[in-house]
> 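The structure follows.
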Amino acid sequence: MVDEQRTSIHGQWSGRMAFILAATGSAVGLGNIWKFPYIAGENGGGAFVLIYLLCIAVIGIPIMMAEVMLGRRGRQSPINTMATLAAENGRPAIWAGLGWMGVIAGFLILSYYSVIAGWALSYVFRAASGMFEGVTSDGVSSIFGQLVSDPEKLLAWHTIFMVATMVVVARGVQHGLEKTVRFLMPLLFLLLLILVFYAATTGAFLEGLSFLFSPDFSKITRGSILTAMGHAFFTLSLGMGAIMVYGSYLPKDTSIAKTSIIIAAADTVVALLAGMVIFPIVFANGLEPGSGPGLIFKTLPIAFGQMEAGILIGTMFFALLVFAAWSSAISLIEPAVAWLVENRGMNRIYASVWVGIVTWLMGIVTALSFNVWAFEFEFAGEKKTAGMFDVLDIATANIMLPLGGLMIAIFAGWLMYQQSSKDELNMTESGYNLWLFLVRFITPFAVMIVFLNVIGVLKFE
Ligand code: TRP
């Protein structure tokens, strides 16, 4: 029935720790530090955060386990993994389409992800130059405004980030992907802790915490529920095959359940710490929590400008943010690169460059959407202005990823031989039954309810 001995032609992680680091590197990124605070701010805080946490637990963790499980079973790029597993389980070949949708989602996400990572990169130099010393909230807004209104600058930083991403992906699984995360993630965590201590001295710490943690459900709209669910997928890198392809490099004997829980927990802690840093600064300086994608770039510099050793800490912080983005970015194109190597006989270097160029071109759309191409549209009754950037973000994070996750849950829960998923997950009877229950009933219905609820919410002007 099943081929137990499949191995990946791309290599394997050196062990369980390497997988945890790489998957955590993929999960922890701009999503945690840049996106989470600004969408939590836009959606009114506490209640949104609670829904997001719920989505991580009942949707995110079971789907992460399913993705890793499918990847390790198939041992190939998501497209070929799904084709192989569909055949092995007597299901139609169209399931490979799940892999294709993931490849497209990965392209689209990286195209704007790279532009935002470019912002972080440019802030490394701004922090190092001492530009934030004693800066006011108006000062930081104008520094940020100057950056995003200048398409040349955005394109230059986007280009640098994409080149860096291609270099790591080209070097391949063990050399490229593994080494970037080993030291940098713990360091980022440490800096966040330092910043939480700073935030505690701003005088608005409790106000910030209460914004983040005390739920006010009157602030929740249908759109914010969708955004919370979409973000659970985005922040855990789920729904497009990134975790599946990382799972395909996972050694046979590693526990999928334990590693998934560790990864999800680490990711969540980083996001919550980022929120605990940002919102006290927001309130202490009379800023607007719902001010959108620029939020961390308009708040953190104030903190760095006031604190002891702010130049050093600020420079390190933005540098680590860039590394976190980098270790996420590589996972967004790994599925496409693995497929080109498998099916087009390309070598990794050539495949990475090819994928990188297409993504870079697509990124121009986002770089221009903050300035020359900015337009307004309405999502869930809220006006958005950045145009194509928001459209791409909503189309991928809020629609394609949950849709991918839904199909993963259906395939893993309903269409695969239970013996296969049981073997691969290798858990206790009750653990397996809980997973199966979640993936069969809870996850698909939760995703569908949120989708149905939201139909009619998107309106273009
Ligand atoms: N999870 C990353 C972050 O939070 C982004 C990311 C990397 C991603 N790979 C992904 C998002 C795959 C969705 C799918 O920054």
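Order of listing sets the numbers, starting from 1, for every ligand and every atom in it.
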> Could you point out which residue of Phe317, Phe297, Phe125, Tyr123 forms a ring-ring contact (aromatic ring centres under 6.0 Å, His included) with Phe132?
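Only one option passes, and that is Tyr123.
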> Is the backbone of Ser210 close enough, under 3.5 Å, to the side chain of Ser214 for a donor and an acceptor to pair up by distance?
yes
> Do Trp360 and Phe161 make the cut of ring centroids closer than 6.0 angstrom?
no
> Quick one: salt bridge (charged side-chain N to carboxylate O under 4.0 Å, His left out) pairs with a partner in residues 45-72, sequence neighbours left out?
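As it turns out, the salt bridge (charged side-chain N to carboxylate O under 4.0 Å, His left out) pairs with a partner in residues 45-72, which skip direct neighbours, are Arg72-Glu424.
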> I'd like a table of the close N/O pairs between ligand 1 and the protein (anything under 3.5 Å), one pair per line with both atom names and the distance.
residue	atom	partner	partner atom	Å
ligand 1	1 (N)	Ser26	O	3.2
ligand 1	1 (N)	Ala27	O	3.1
ligand 1	1 (N)	Phe234	O	2.8
ligand 1	1 (N)	Thr235	O	3.2
ligand 1	1 (N)	Ser237	OG	3.0
ligand 1	4 (O)	Ala27	O	3.0
ligand 1	4 (O)	Gly31	N	3.3
ligand 1	4 (O)	Asn32	OD1	3.4
ligand 1	9 (N)	Ser237	OG	3.2
ligand 1	9 (N)	Ser331	OG	3.0
ligand 1	15 (O)	Leu30	N	3.1
ligand 1	15 (O)	Gly31	N	2.7
ligand 1	15 (O)	Tyr113	OH	2.5

> Classify the ring geometry of Tyr112 against Phe389: parallel below 30°, tilted from 30° to 60°, perpendicular beyond 60°.
perpendicular
> Counting neighbours of CZ on Phe441 that are heavy atoms of other residues, nucleotides or ligands and sit closer than 6.0 Å, is the number greater than 12?
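Atom CZ in Phe441 is packed in, count exceeds 12.
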